[in-house]
Participant: 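A single structure is presented below for examination.
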Amino acid sequence: MKRILLTALTVYGVMSAQADLFQYAVTLDGASESPANASLGTGIGSVNYDDAAHTLQLQVSFTNLTGTVTISHIHAPTPSPFSGIAGVATTTPSFAGFPAGDTFGSYSNTLDLTLSTSWNGSFITANGGTTAGAESALAAAMASGEAYWNIHSSVFGGGEIRGFLVAVPEPSSLALLGLGTVALAWRMRRRS
């Protein structure tokens with residue numbers, strides 16, 4: 001039985017290690033800012049990191065901001081998961097084409113992480129001086145809950161709404177793990 005369980009876990013681990021699309025969800029609000037603020041603004045989005053294509057796909061919709069958007073970007077890494085503040089990791093001062101001057105809107109773009117223009121120059125310097133080093137550092141920060149998306153406004157210059165990137169489990173891996181668990185339970189039942 002231990003051998004079967006070990007085999008199932010090994011197969012699951014190998015299949016998970018081969019994944020190259022890492023999905024993150026983000027929910028932004030004023031209460032998540034540091035320090036928290038009373039903004040009624042909210043946002044919801046996704047960040048998809050492809051480590052083979054070296055891209056970061058960004059999507060967000062936001063509404064009810066108190067001020068108008070001035071800039072938006074991703075910060076990383078915070079000193080501890082899901083709390084604290086960090087410097088800007090991605091494009092500065094803001095993502096290209098982000099809807100500035102609005103209190104609501106949506107945004108979709110894909111960053112090519114091999115280009116220095118996708119990064120804050122200071123983040124590249126702090127992570128080995130290469131875009132590959134910056135990509136590795138951001139990937140680690142996202143995976144460990146130490147990266148957040150921030151939308152700054154004319155009323156809240158330090159950030160009106162923000163949200164930490166939260167990993168979304170890969171459906172196929174979860175299904176495979178579930179199938180393996182069912183097969184293991186069936187086999188154990190047959191042996192009894």
Side-chain angles (χ1 to χ4, degrees), residues 21-50 55-113 115-127 131 133-169:
L21 182 64
F22 301 88
Q23 298 177 313
Y24 298 91
V26 61
T27 302
L28 301 93
D29 58 27
S32 298
E33 282 290 346
S34 184
N37 65 53
S39 173
L40 298 178
T42 59
I44 188 164
S46 64
V47 175
N48 296 320
Y49 168 56
D50 187 324
T55 58
L56 196 66
Q57 181 187 31
L58 308 163
Q59 295 180 335
V60 71
S61 294
F62 60 94
T63 189
N64 292 332
L65 296 183
T66 305
T68 57
V69 172
T70 54
I71 56 177
S72 181
H73 39 237
I74 293 175
H75 294 249
T78 59
S80 59
F82 305 107
S83 67
I85 59 172
V88 178
T90 59
T91 309
T92 53
S94 188
F95 292 126
F98 201 88
D102 295 327
T103 59
F104 66 93
S106 61
Y107 177 74
S108 180
N109 192 17
T110 300
L111 300 179
D112 179 341
L113 300 179
L115 301 176
S116 61
T117 54
S118 295
W119 300 100
N120 176 349
S122 298
F123 191 75
I124 292 174
T125 300
N127 290 287
T131 57
E135 180 178 345
S136 179
L138 180 60
M142 291 187 299
S144 62
E146 297 172 346
Y148 59 91
W149 191 330
N150 209 354
I151 299 177
H152 302 256
S153 75
S154 57
V155 173
F156 296 98
E160 180 159 344
I161 60 174
R162 82 170 181 171
F164 279 86
L165 280 58
V166 176
V168 176

Participant: Is there a side-chain contact between Phe123 and Val88, using heavy atoms and a 4.5 Å cut-off?
Facilitator: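 No, too far: nothing below the 4.5 Å cut-off.
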Participant: Hey, could you give me the CG/CD distance between Leu111 and Glu135, rounded to the nearest 0.5 Å?
Facilitator: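 Rounded to the nearest 0.5 Å, the CG-CD separation comes out at 11.0 Å.
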Participant: How close do Ala100 and Thr70 get, counting heavy atoms only, and between which atoms?
Facilitator: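 Closest pair (atom of Ala100, atom of Thr70, distance): CB-O, 4.2 Å.
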Participant: Checking the side chain of Thr90 only, and the main-chain atoms of Ile74 only, is there a donor and an acceptor separated by less than 3.5 Å?
Facilitator: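 Checking the backbone N and O of Ile74 against the side chain of Thr90, a donor-acceptor pair under 3.5 Å is found.
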Participant: Do Ser122 and Thr125 touch side chain to side chain, with heavy atoms closer than 4.5 Å?
Facilitator: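 Heavy-atom side-chain distance check fails, nothing below 4.5 Å.
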Participant: Using a 3.5 Å distance criterion without hydrogens, assess whether the side chain of Trp119 forms a donor-acceptor pair with backbone atoms of Ala89.
Facilitator: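 Not at all, since once roles are kept as given, no pair shorter than 3.5 Å links the two residues.
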Participant: Within the 4.5 Å heavy-atom criterion, are Phe164 and Ser32 side-chain neighbours or not?
Facilitator: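 No, too far: nothing below the 4.5 Å cut-off.
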Participant: Give the ring-plane orientation class for Phe95 versus Tyr107, where under 30° counts as parallel, over 60° as perpendicular and anything between as tilted.
Facilitator: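 Rings of Phe95 and Tyr107: parallel, under 30°.
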Participant: Surrounding CD1 of Ile85 (heavy atoms of other residues, nucleotides or ligands, distance under 6.0 Å), is the total greater than 12?
Facilitator: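 No, CD1 of Ile85 has 12 or fewer neighbouring heavy atoms, counting only those of other groups under 6.0 Å.
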Participant: Taking all non-hydrogen atoms of both residues, which atom of Ala139 and which atom of Tyr49 are closest, and how far apart?
Facilitator: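 Scanning both residues, the minimum pair turns out to be CB-CE2, 3.6 Å.
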Participant: Can you list the steps and then say if Phe104 with Asn64 is a side-chain contact (heavy atoms from CB on, under 4.5 Å)?
Facilitator: CA-CA 6 Å; Phe104 66 93; Asn64 292 332; over 6 Å; no
Participant: Assess whether side-chain contact (heavy atoms from CB on, under 4.5 Å) is satisfied between Thr68 and Ser154, documenting all intermediate values.
Facilitator: CA-CA 5 Å; Thr68 57; Ser154 57; 3.4 Å; yes
Participant: Is there side-chain contact between Tyr24 and Val166, with at least one heavy-atom pair below 4.5 Å?
Facilitator: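 Tyr24 does not reach Val166 side chain to side chain.
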Participant: Within the 3.5 Å criterion, strictly below it, is a donor on Trp149 or Ser72 matched to an acceptor on the partner's side chain?
Facilitator: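 Ser72 and Trp149 do have a side-chain donor-acceptor pair below 3.5 Å.
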Participant: Whether the side chain of Ser108 engages the backbone of Gln59 through a donor-acceptor N/O pair (distance < 3.5 Å, no angle test) should be reported.
Facilitator: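 Such a contact is absent between Ser108 side chain and Gln59 backbone.
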Participant: Between the side chains of Gln23 and Ser46, is a donor N or O closer than 3.5 angstrom to an acceptor N or O?
Facilitator: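 Their side chains do not contain a donor-acceptor pair, so the 3.5 Å distance test is not met.
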Participant: For residues Ser34 and Gly84, report the shortest heavy-atom separation together with the two atoms involved.
Facilitator: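 Answer, listing the atom of Ser34 first, then Gly84: CB-O, 4.5 Å.
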Participant: Can you confirm whether Phe22 sits close enough to Asp50 that some side-chain heavy atom of one is under 4.5 Å from a side-chain heavy atom of the other?
Facilitator: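 No, every pair of side-chain atoms sits at 4.5 Å or beyond.
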Participant: Is any side-chain heavy atom of Leu56 closer than 4.5 Å to a side-chain heavy atom of Leu138?
Facilitator: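 Leu56 vs Leu138: side chains touch.
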Participant: Out of curiosity, Asn150 CG to Arg162 CZ, how far, rounded to the nearest 0.5 Å?
Facilitator: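 Between Asn150 CG and Arg162 CZ, I get 7.0 Å after rounding to 0.5 Å.
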Participant: Side-chain contact test, heavy atoms from C-beta onward, threshold under 4.5 Å: evaluate it for Ser106 versus Phe62 and give yes or no.
Facilitator: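 They are not in side-chain contact.
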Participant: So, for Ser39 and Gly41, which heavy atoms are closest and what is the spacing to 0.1 Å?
Facilitator: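 Shortest heavy-atom separation between Ser39 and Gly41 comes out as OG-N, 2.9 Å.
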Participant: Quick one: are Leu65 and Ile151 in side-chain contact, heavy atoms under 4.5 Å?
Facilitator: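 Touching, per the 4.5 Å side-chain cut-off.
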Participant: Kindly determine whether Thr131 and Leu115 satisfy side-chain contact (heavy atoms from CB on, under 4.5 Å), including the steps that lead there.
Facilitator: CA-CA 7 Å; Thr131 57; Leu115 301 176; over 6 Å; no
Participant: Any sub-3.5 Å donor-acceptor pair from Thr91's side-chain atoms to Ser94's backbone N or O?
Facilitator: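 No, because the side chain of Thr91 does not come within donor-acceptor range (under 3.5 Å) of the backbone of Ser94.
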Participant: Between the side chains of Ser83 and Ser80, does any donor sit under 3.5 Å from an acceptor?
Facilitator: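 Their side chains do contain a donor-acceptor pair, which is all the 3.5 Å distance test asks for.
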Participant: What are the two closest non-hydrogen atoms of Ile71 and Pro93, and how far apart are they?
Facilitator: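 Scanning both residues completely, I find the closest heavy atoms to be CB-O, 3.6 Å.
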Participant: Can you confirm whether Leu40 is buried at CG, in the sense that more than 12 heavy atoms of other residues, nucleotides or ligands lie under 6.0 Å from that atom?
Facilitator: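 No, the 6.0 Å shell around CG holds no more than 12 heavy atoms from other groups.
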Participant: Determine, stepwise, if the pair Ser153 / Val69 fulfils side-chain contact (heavy atoms from CB on, under 4.5 Å).
Facilitator: CA-CA 4 Å; Ser153 75; Val69 172; 5.8 Å; no
Participant: Using the rule side-chain hydrogen bond (donor to acceptor under 3.5 Å, both in side chains), only one of Glu160, Glu33, His73 pairs with His152; which is it?
Facilitator: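 Of the listed options, the one satisfying the test is His73.
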Participant: Taking atom CG of Asp112 and atom OG1 of Thr117, what is their separation to the nearest 0.5 Å?
Facilitator: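 Asp112 atom CG to Thr117 atom OG1 measures 7.5 Å (nearest 0.5 Å).
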